[in-house]
Amino acid sequence: MRIDILTLFPHMFSGPFDESIVKRAIDNDIVNIVLHNLRDWGLGKHKTVDDYPFGGGSGMVMKPEPLFEAVETIKAQDSDSSAPVILLTPQGRLFNQKIAAELAKNSRLIFVCGHYEGVDERVREHLATDEISIGDYVLTGGELAAMVVIDAVIRQLPGVLGSEESASDESHAAGLLEYPQYTRPQSYRGWEVPQVLISGNHAQIAKWRREQSILRTFMRRPDLLDKANLSAQERKSVAKGAVTRFD
Ligand code: ADE
């Protein structure tokens, strides 16, 4: 996968992409991340990228020309010119694991990081093919949001996670939160690891984990349960649990 990032602050990306699993994916040529400084497409002597909003108001708006010209130049650098152009914005669709998996199917992605008060509306209308928000809060710019999205996408790519880091059981994989995990020591400050996990009974362990996943999702994120992949029996247990819990 090739990932192009358009930003006014390319240095912000150094840390997160230089460590751990993402670094390994880059080193193994599974992903190629290409950073572009939007300032290079700025206008005039001062390389201007922003301007005052028409109609007045506070803050600056990112001008359309540098963004359009940057995306057009970048697209022409690769034969796959159908890549999604993703604008990071608090007004976008709310990012989740399903969107990460969907994005991971592309051979190329282009991310546009907005800054200041926002971007000229024509960028949304005629340049971006997707708009993503990472949550209902406002960041100082799209850079941190792009890093979050890119990290989640990269770990979905085939060959990125080793078998010991398998993504199949983790939170949100089946629309549920993950079950509790324990490692050694078996007893720590008097807090014991659940007996079932040291029983060696794999069927019982799987059953316990499944129940814990459902219970945990019910307690912490009941909003996820509607869409989760539950059997009829599991749905019945949840409904019964709900009665006990709220009575
Ligand atoms: N830019 C500023 N805030 C953002 C958010 N919550 N998600 C994506 N991009 C943003």
Side-chain angles (χ1 to χ4, degrees), residues 1-19 21-22 31 33-42 48-71 74-75 83-106 108-157 171-172 177 220-221 223-224 227:
M1 175 184 272
R2 169 170 166 162
I3 297 178
D4 291 278
I5 305 168
L6 273 91
T7 170
L8 285 168
F9 303 99
H11 296 301
M12 280 182 76
F13 291 83
S14 317
F17 293 165
D18 290 346
E19 303 279 352
I21 294 172
V22 173
V31 64
I33 299 180
V34 190
L35 284 158
H36 308 272
N37 193 336
L38 267 172
R39 187 73 58 186
D40 295 345
W41 285 273
T48 305
V49 292
D50 59 336
D51 208 336
Y52 295 98
F54 274 119
S58 64
M60 303 294 273
V61 176
M62 284 175 79
K63 295 170 73 59
E65 307 94 311
L67 288 161
F68 274 86
E69 280 160 33
V71 169
I74 288 165
K75 274 196 165 177
V85 178
I86 302 160
L87 178 68
L88 284 315
T89 159
Q91 300 178 24
R93 58 183 177 140
L94 204 52
F95 188 58
N96 59 27
Q97 192 69 9
K98 194 164 156 243
I99 298 177
E102 181 190 302
L103 295 179
K105 290 188 193 138
N106 293 279
R108 197 175 177 199
L109 296 171
I110 300 173
F111 289 90
V112 178
C113 304
H115 230 90
Y116 310 120
E117 280 307 295
V119 299
D120 186 285
E121 188 64 17
R122 288 162 290 192
V123 171
R124 294 179 192 284
E125 284 181 0
H126 306 294
L127 187 66
T129 59
D130 196 356
E131 295 178 41
I132 290 181
S133 163
I134 62 159
D136 294 336
Y137 39 80
V138 180
L139 302 164
T140 53
E143 283 76 11
L144 286 167
M147 289 180 225
V148 167
V149 172
I150 291 167
D151 185 286
V153 168
I154 288 179
R155 63 195 295 294
Q156 296 281 319
L157 299 177
S171 289
H172 301 296
L177 301 185
R220 297 183 182 196
R221 293 292 307 277
D223 56 301
L224 295 177
K227 285 195 206 134

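Remember, it's 1-based here, ligands and their atoms both numbered in the order they're listed.
- Within a 6.0 Å radius of CZ in R122, other residues, nucleotides and ligands contribute 12 heavy atoms or fewer.
- A donor-acceptor pair is defined here as one N or O able to donate and one able to accept, closer than 3.5 Å; such a pair exists between the side chain of N106 and the backbone of L103.
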Pick out the protein N or O atoms lying less than 3.5 Å from any N or O of ligand 1, and list each pair with its distance.
from: ligand 1; atom 1: 3 (N); to: L139; atom 2: N; distance (Å): 2.9
from: ligand 1; atom 1: 6 (N); to: G135; atom 2: O; distance (Å): 3.1
from: ligand 1; atom 1: 6 (N); to: Y137; atom 2: O; distance (Å): 2.8
from: ligand 1; atom 1: 7 (N); to: I134; atom 2: N; distance (Å): 3.0
from: ligand 1; atom 1: 9 (N); to: T89; atom 2: N; distance (Å): 3.2

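- Using a 4.0 Å cut-off between a side-chain N of Lys or Arg and a carboxylate O of Asp or Glu, E121 and R124 qualify as a salt bridge.
- A salt bridge between K75 and D4 is absent, with no side-chain N of the basic residue lying under 4.0 Å from a carboxylate O of the acidic one.
- Defined by atom type and a distance below 3.5 Å, a donor-acceptor pair is present between the side-chain atoms of E143 and T7.
- Under the 3.5 Å distance criterion, the side-chain polar atoms of S133 are matched with a main-chain donor or acceptor of G135.
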